[in-house]
Amino acid sequence: MAHQSVPPIRQTPRTKNKWQRQMWVGWLFVAPAIGLNLLFDWYPMMDGIYRSFYRWDGYSTAVYVGFENFRKIFNDTIFWTAVTNMLFFLVMSIILMIPTIITSVILFRIRHMRAQYIYRVLFCIPMVVPWMVIILMWQFMYNPQYGLFNRFIELIGMPDMQQTWLGDSELVKWCVIFMGFPFVTTNAALIYLGGLKSVSESVWEAGALDGVGPLQKFFYLELPLITGQFSLNLIGTITAAITGYTTQLVLTKGGPGFASMVPGLYMYFSAFKSQKYGYASALGMVMFVLSLVITLLSLKFFQKEESES
Amino acid sequence: MVNKTNPFWLTLLCVVMLLLAACGSNTPTASEPTAQPASEPTAASEPTAAPEPTAAPKEYTIKIMTWHGPDSNTGYYNGYKQITDDYTAAHPNVKFEFVYQPLDGYKELLDTQFVSGSAPDIIQMQPWMFGEYANKGVLYNLNNAYNAKSAYAEAARWMDTFSGGEASFAGVRSSNKFGGIFFVPNDSNATMSIGQPMFYNKDLFKKAGLDPEKPPQNWEEYRTAMKALKQSGVIPIAADNGRWVGWSLGQVGYQFGEKYVDQFYDAKYTSGNRGVEYYWDKVYVALANGQLENADYYVDMLTIWQDYAQYWQDGWTGTAEADAPNLFMTGQAAMLQAGFWDFQGYSTLIGDKFAWGIFPIPVITSATSKYAIGKYNAPANTQDYGFTVNATIEKDKELEAVIVDFLQYFSSVEAQTKYVNTAKSFSPVEGVPVPDEIKGFVNPSEKASAVEVVGSSFIEWGDGAIWPGLSQDFLMGKISVADYKAKVAELSREASKNYVAGMIGAEGYAPQITAAEAKLTEMKGDGSNELMVKSQETTIENLKLRLEMMQTYFKP
């Protein structure tokens, strides 16, 4: 059968003008978003790329140095120490995504809607406490002399077990990780919950009819059905672990020595403590590439897993 | 009939309104004075003698940035507020707004503000910041104002009203490529050796078997006291992972290397005032050339510093700056280093919880190291702490006059006398008495005579992102003295090379000399007074000599 073509809509000058006007209105609506996006996202990023090829103190004329900043980065032992620390935080952050998934599933399984609502609210309340306050509270708890942990250890009669916590090069990274206890991220949990709620009820009913137990339900139904949400949260976790540094800045300043230094903090120090803005921009570029590569590899892995299953 | 609104125009209107709302501001600032007629600043010697305005005066809101906030338990903020309130009472068209940022993050905020063009008009700075920001061209050069008469003093020049007079600004001029003066001193005195002593808990000293009324005088006695305190189960020193690293280094480091740098230069650059005036340039060039890396005193200095760390609390590398004073206040640590600026706050916090006192940092004598100077730094006769002015005020001559007038009032004997008693601080102005409470912070004059001390500058002049962390590793014994020395020397060599290359380069001294010569020609043409012309000639001569010295000695 011959291809049946749809007759084109005849555009009179009048409809064309109307269409053009509507297009302009559309552009006007998105113009602020595009403008602000270009100004606050793309311009700084492009400027960062440009600056990374210069030696610049933030004030005087920048001097073009080609790839010198990148060459220095690859020979900078502190940067590689920071990358090693970052990889530790990254792996731990990924592992510690598990409690959030389990909690979301448990929350989802609560059939009593009112109870589920109450738990969800209780879940969200910590979101309103600024992260800075949480960091300072943990800093206080880790204090070797009057902090909660050493006081508690003393109270239970084991003073020999007291630690210097943030002052111990071996312990400091674990202390930073432990700060997330009980490792349930509200935003991520809400995303998982949304994912689970969007699954058709018939899937759960079919599972129930087949006699699927709670563990089987978790591994063969719930977990596979939130892979998309997991990928989304994973990207966030990877990006935060690679580029984040607020916790280290406030809690440890990257110390003792460089034991908790991460690339983001090193970039911040290079810019604001050493006035090496060009070098800091180059560090930012390297972090961007690292983040991109690791995220793409992770997504590739998940896509492969999905297609195989 | 239905009145149809065209969606295009409606949307356009909304966008325009949003943009206008976002860009609008109803607060006039100093940089954007209100459109009212201007009034010239008063030339009266009393701030209360406001001029009779003939028209509604132009209004100004001057922003002052400081790290002393209204919630601080010190009296500094109240002191500054008192001065600005008095000035506003006499000049109702000039108002002040304080921008407060704690020292932690102060420089970061300031950098951001300068880069974005939103820096305040008057900015409090620490000594090491003046040269850095002046060289970046973001500060206002007060040179001419200093050479003119202050409206609030009898002296011929504003400069002469400060203790130490013109000579006390020599070091200030040497710290920037313009040879200029970029700040108005405050909270210091160039002719006194003001120390940053140890606050100590007399009760804990007694508990450790030490005489609380006889605190240690030299480093050996200091070590003995720290040992005794540690044995008694008390933390000898409250340390932190921030400023303490630099402070403790300063305690030890600046007891070594008096006049050490002069040996590398011709007498032309070291004699007379030039010893002090060219001091920073000489140190930079020597660091860049690697000439200070093997100073004979380094091993002793670093060993003493590393040994010192064993008397700081366990886990000090994880203790934040704000937590170290807590250890002292709660009676867990016996000693804490602090400045006179902390005196008022600590007095209130300690109350009658325990008996306490202060003693100067013990002198390192030959009994500890044969290289030690064995005395305190002499009064530097150099102005240090103070307030700088944003260079952008030059764009508005009336604002410039208002700010200079305010700063002259700020440093008048009358305002300063009130200020030091409120803030419990020192004044740089001649004739202002030191409050009794802080007299103990002045080092005894018979022990304070060391000059041009190179000390540990090869460490702190290195990369600020790295040396503090490296120092923590060194103090914890993870790096040997030799390795640490090699690493910090490399950092300071690189930083100094960049600095000296910049000074010799196209944006360094050369354009400043040209600009200063043009200014001199202008001054001669304008018939400026002889003192100002002479001062400008001296500035040019010094700039030329400093450039010549760098070009002669710097080995890229």
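Below, chains carry the letters A, B, ... as their sequence lines are ordered, and counting in each starts from 1.
- The parts of B/Glu108 that come within reach of chain A are both its backbone and its side chain, each placing non-hydrogen atoms under 4.5 angstrom from that chain.
- More than 12 heavy atoms of other residues, nucleotides or ligands lie within 6.0 Å of CH2 in B/Trp312, so this atom counts as buried by the packing criterion.
- Contact annotation for B/Tyr133: only side-chain heavy atoms (C-beta onward) come within less than 4.5 Å of a heavy atom of chain A.
- Proximity to chain A involves both the backbone and the side chain of B/Lys136, based on heavy atoms less than 4.5 angstrom apart.
- Heavy-atom distances place no part of A/Phe140 under 4.5 Å from chain B, backbone and side chain included.
- Here the CD-NZ distance, from A/Gln275 to B/Lys107, works out to 3.0 Å after rounding to the nearest 0.5 Å.
- Contact of B/Asn135 with chain A is not made at all, since no heavy-atom distance falls under 4.5 Å.
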- Message: Run A/Lys273 and B/Asp463 through salt bridge (charged side-chain N to carboxylate O under 4.0 Å, His left out) and show every step you take.
- Response: CA-CA 8 Å; A/Lys273 289 201 184 292; B/Asp463 191 324; over 6 Å; no

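- At least one side-chain heavy atom of B/Lys478 sits under 4.5 Å from a side-chain heavy atom of A/Ser169.
- Of the atoms belonging to A/Ser260, not a single heavy atom falls under 4.5 Å from chain B.
- For A/Tyr277, the part lying under 4.5 angstrom from a heavy atom of chain B is the side chain only.
- Side chain to side chain, B/Asp314 and A/Thr164 fail the donor-acceptor criterion of an N or O pair below 3.5 Å.
- Interface residue B/Ile466: backbone and side-chain heavy atoms are both found under 4.5 Å from chain A.
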